[in-house]
Student: 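Have a look at the structure that comes next, please.
Within every chain, numbering begins at 1; the chains are lettered A, B, ... in the order of the sequence lines, protein sequences first and strands thereafter.
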Amino acid sequence: MPELPEVEVVRRGLAQWVAGREIATAEVLHPRAIRRHVPGATEFAARLKGRTVISAERRGKYLWLPLSGAEEALMAHLGMSGQLLVVDPHAPLEKHLRVRLGFTDGGPDLRFVDQRTFGHVMLTALVDGVPEPISHIAPDPFEEAFDDEAFTAGLRRKRTEIKRALLDQSLISGVGNIYADEALWLARLHWARPTQTLTRPKIAELLAAVREVMGAALAQGGTSFDSLYVNVNGESGYFDRSLEVYGRRDQPCSRCGTPIRREAFMNRSSYSCPTCQRRPR
DNA sequence: GCAATTACCTGAGGGC
DNA sequence: TGCCCTCAGGTAATTG
């Protein structure tokens with residue numbers, strides 16, 4: 001599923017292929033895809049018609065396209081299986097096509113395709129340049145607005161486990177299950193480590209690890225493990241970046257050779273090295 | 001107010 | 001062949 005590096009690849013594609021173009025038609029093929037757009041499909045389509053896409057922006061895993069005419073944007077979250085495809089308007093409709101935008105220039109459609117329907121799109125007001133529904137989430141660690149000190153202080157105030165805090169959007173956004181495991185491995189931290197026991201230097205190390213693993217994936221255009229994800233041009237955005245722990249159950253840790261363990265965590269999986277990442281007492 | 005848990009959703013893959 | 005179960009997991013909503 002798309003995590004931050006993959007979403008950034010999509011954003012770049014949107015900036016290249018969609019920005020500057022005027023929307024002619026908007027078609028909602030599945031109501032669930034716009035479930036967070038309260039006024040409904042008819043209003044959604046009417047409000048998009050005639051608007052020009054200004055640019056493509058991102059915070060964490062949220063994408064949005066600011067529109068001409070008002071402080072408003074078309075916002076999207078890809079969920080687990082969402083794709084934004086730029087395809088020939090005459091191309092056959094995808095099986096899981098949810099929303100389709102046509103443009104006045106007669107060029108390629110922008111299509112929102114989503115098998116598992118965890119993703120969604122909506123029209124929303126921009127407040128200081130950020131969509132109103134996501135004003136409560138923290139900036140992601142690659143934004144200039146990200147405040148390392150606020151993250152550190154906030155983490156030490158929390159009374160929870162470190163991985164929960166990483167996945168929670170309130171202190172840092174854009175970190176999903178895969179990169180949380182990868183960053184914790186790099187920083188030699190067990191996922192259940194209580195946040196209030198982390199020292200400032202250790203938090204700095206963790207933050208550097210988060211940026212390292214996501215930055216490396218970003219430099220290569222994303223990571224590779226799920227064929228559902230396709231980037232804005234309809235081609236795989238994933239590359240063969242080897243993951244150190246995620247999905248590597250029973251395979252040797254590259255640092256010490258100990259078999260990687262898989263543990264149940266929040267109704268999903270957590271992968272770690274039993275030697276490098278000691279469970280807190 | 002904060003932390004923890006659950007709901008949402010579809011298709012792949014395994015067991016029988 | 002086909003049915004049932006498990007798994008994948010980000011976020012909002014709900015519960016504690």
Side-chain angles (χ1 to χ4, degrees), chain A residues 1-8 10 28-38 58-64 75-84 94-99 112-122 124 130-141 150 153-184 191-198 210 214 217 222-230 238 243 245-250 261-272:
Chain A
M1 50 302 309
E3 291 218 32
L4 186 148
E6 291 78 23
V7 177
E8 173 60 17
V10 175
V28 177
L29 292 94
H30 194 306
R32 188 173 150 77
I34 59 153
R35 63 193 178 282
R36 292 188 65 191
H37 187 82
V38 178
R58 180 188 59 73
R59 166 164 287 183
K61 298 175 196 173
Y62 281 94
L63 286 163
W64 67 93
M75 183 177 81
H77 193 293
L78 303 178
M80 290 179 59
S81 54
Q83 309 167 314
L84 281 168
E94 293 76 7
K95 181 178 179 187
H96 300 294
L97 178 62
R98 309 303 188 196
V99 177
F112 178 64
V113 176
D114 188 16
Q115 175 202 107
R116 294 178 212 173
T117 71
F118 270 39
H120 65 94
V121 298
M122 68 185 293
T124 180
V130 177
E132 190 276 330
I134 62 166
S135 57
H136 65 287
I137 75 170
D140 69 59
L155 204 56
R156 286 160 61 91
R157 268 198 304 272
K158 270 193 175 293
R159 304 183 65 81
T160 187
E161 298 163 345
I162 182 57
K163 187 170 173 182
R164 289 177 185 276
L166 283 178
L167 297 178
D168 179 349
Q169 307 290 295
S170 64
L171 292 176
I172 186 170
S173 66
V175 182
N177 197 41
I178 297 166
Y179 291 113
D181 279 2
E182 293 297 303
L184 289 169
W191 54 264
R193 176 73 176 269
T195 49
Q196 68 268 29
T197 69
L198 290 168
V210 169
M214 291 206 293
T223 189
S224 175
F225 62 95
D226 189 338
S227 61
L228 283 174
Y229 173 75
V230 180
Y238 289 123
L243 297 170
V245 285
Y246 184 83
R248 297 193 62 238
R249 182 182 195 169
D250 296 336
R261 72 185 152 195
R262 173 190 178 276
E263 295 168 284
F265 168 83
M266 290 171 73
N267 289 323
R268 36 187 61 86
S269 298
S270 215
Y271 297 90
S272 59

Student: State which of dG10(C), dA8(C), dA12(C) makes the closest approach to the side chain of Arg36(A).
Tutor: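 Selected nucleotide: dA12(C).
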Student: Check every atom of dA8(C), dA12(C), dC8(B) against the side chain of Tyr62(A) and return the nucleotide holding the closest atom.
Tutor: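 Among the listed nucleotides, the one closest to the side chain of Tyr62(A) is dA12(C).
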Student: Please determine whether salt bridge (Lys or Arg N to Asp or Glu O under 4.0 Å) holds for the pair Arg58(A) and Asp140(A), giving the CA-CA distance in whole Å, both sets of side-chain angles, and the decisive distance to 0.1 Å.
Tutor: CA-CA 9 Å; Arg58(A) 180 188 59 73; Asp140(A) 69 59; 3.0 Å; yes
Student: Where the side chain of Phe118(A) is defined as all heavy atoms beyond and including C-beta, which of dA12(C), dG11(B), dC9(B) is the nearest nucleotide?
Tutor: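 My answer, after comparing the listed nucleotides, is dC9(B).
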Student: Tell me whether Ser173(A) contacts the main-chain N or O of Ile137(A) through its side chain, where contact means a donor paired with an acceptor under 3.5 Å.
Tutor: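 No: the side chain of Ser173(A) does not pair with the backbone of Ile137(A).
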Student: Go nucleotide by nucleotide along DNA chain B from the 5' end; which of Asn267(A) and Thr117(A) gets its closest nucleotide reached first?
Tutor: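 Here Asn267(A) is the residue nearer the 5' end.
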Student: For a quick check of understanding: with a heavy-atom distance under 4.0 Å over all strands, which category does His30(A) fall into, base, sugar-phosphate or nothing?
Tutor: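 His30(A): no heavy atom of the nucleic acid under 4.0 Å.
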Student: Please round to the nearest 0.5 Å and tell me the distance separating atom OG1 of Thr195(A) and atom NZ of Lys158(A).
Tutor: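 Between atom OG1 of Thr195(A) and atom NZ of Lys158(A) there are 7.5 Å.
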Student: With respect to the side chain of Gln169(A), which nucleotide from dG10(C), dT11(C), dA8(C) is positioned closest?
Tutor: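 Side chain of Gln169(A) sits closest to dT11(C).
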Student: What nucleotide among dA3(B), dA4(B), dA8(C) has an atom nearest to a side-chain atom of Arg164(A)?
Tutor: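 Nearest to the side-chain atoms of Arg164(A), counting from C-beta on, is dA4(B).
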Student: Classify the side chain of Arg268(A) versus the base of dG10(C) as yes if they form a donor-acceptor pair under 3.5 Å and no if they do not.
Tutor: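 Check passes, donor-acceptor contact within cut-off.
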Student: Rounded to the nearest Å, what distance is computed from the CD atom of residue Gln196(A) to the P atom of nucleotide dC2(B)?
Tutor: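 Rounded to the whole Å, the gap is 15 Å.
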Student: Give a yes/no on whether any side-chain N or O of His77(A) is located under 4.0 angstrom from OP1 or OP2 of dT11(C).
Tutor: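 So the side chain of His77(A) is within the cut-off, an N or O lying under 4.0 Å from OP1 or OP2 of dT11(C).
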Student: Give a yes/no on whether any side-chain N or O of Thr160(A) is located under 4.0 angstrom from OP1 or OP2 of dC2(B).
Tutor: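 Answer is no, no contact under 4.0 Å.
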Student: Heavy atoms only, 4.0 Å cut-off, all strands: where does Phe265(A) land among base, sugar-phosphate and nothing?
Tutor: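 The answer is nothing, as Phe265(A) stays clear of every strand by at least 4.0 Å.
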Student: Quick one: label Arg262(A) by what it contacts on the DNA or RNA (base, sugar-phosphate, nothing), any heavy atom closer than 4.0 Å.
Tutor: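 Here Arg262(A) touches the backbone only, sparing every base.
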Student: Taking atom P of dT10(B) as reference, at what distance in whole Å does atom NE2 of His96(A) sit?
Tutor: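 Rounded to whole Å, this separation is 9 Å.
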Student: dA3(B), dG11(B), dC9(B): which one has an atom nearest the side-chain heavy atoms of Lys158(A)?
Tutor: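 So the side chain of Lys158(A) is nearest to dA3(B).
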Student: Compare all side-chain heavy atoms of Ile162(A) with those of Leu155(A) and state whether any distance is below 4.5 angstrom.
Tutor: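 Answer yes - side chains close enough.
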Student: Would you say His77(A) and Phe118(A) make side-chain contact, with heavy atoms under 4.5 Å?
Tutor: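 Contact flag for His77(A)/Phe118(A) side chains = no.
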Student: Give Gly176(A) one of three labels, base, sugar-phosphate or nothing, depending on what nucleic acid heavy atoms sit under 4.0 Å from its own.
Tutor: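 Sugar-phosphate, no base atom in range.
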Student: Expressed in angstrom and rounded to an integer, what is the separation of Glu132(A) atom CD from dA12(C) atom P?
Tutor: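 In whole Å, dA12(C) P and Glu132(A) CD are 12 Å from each other.
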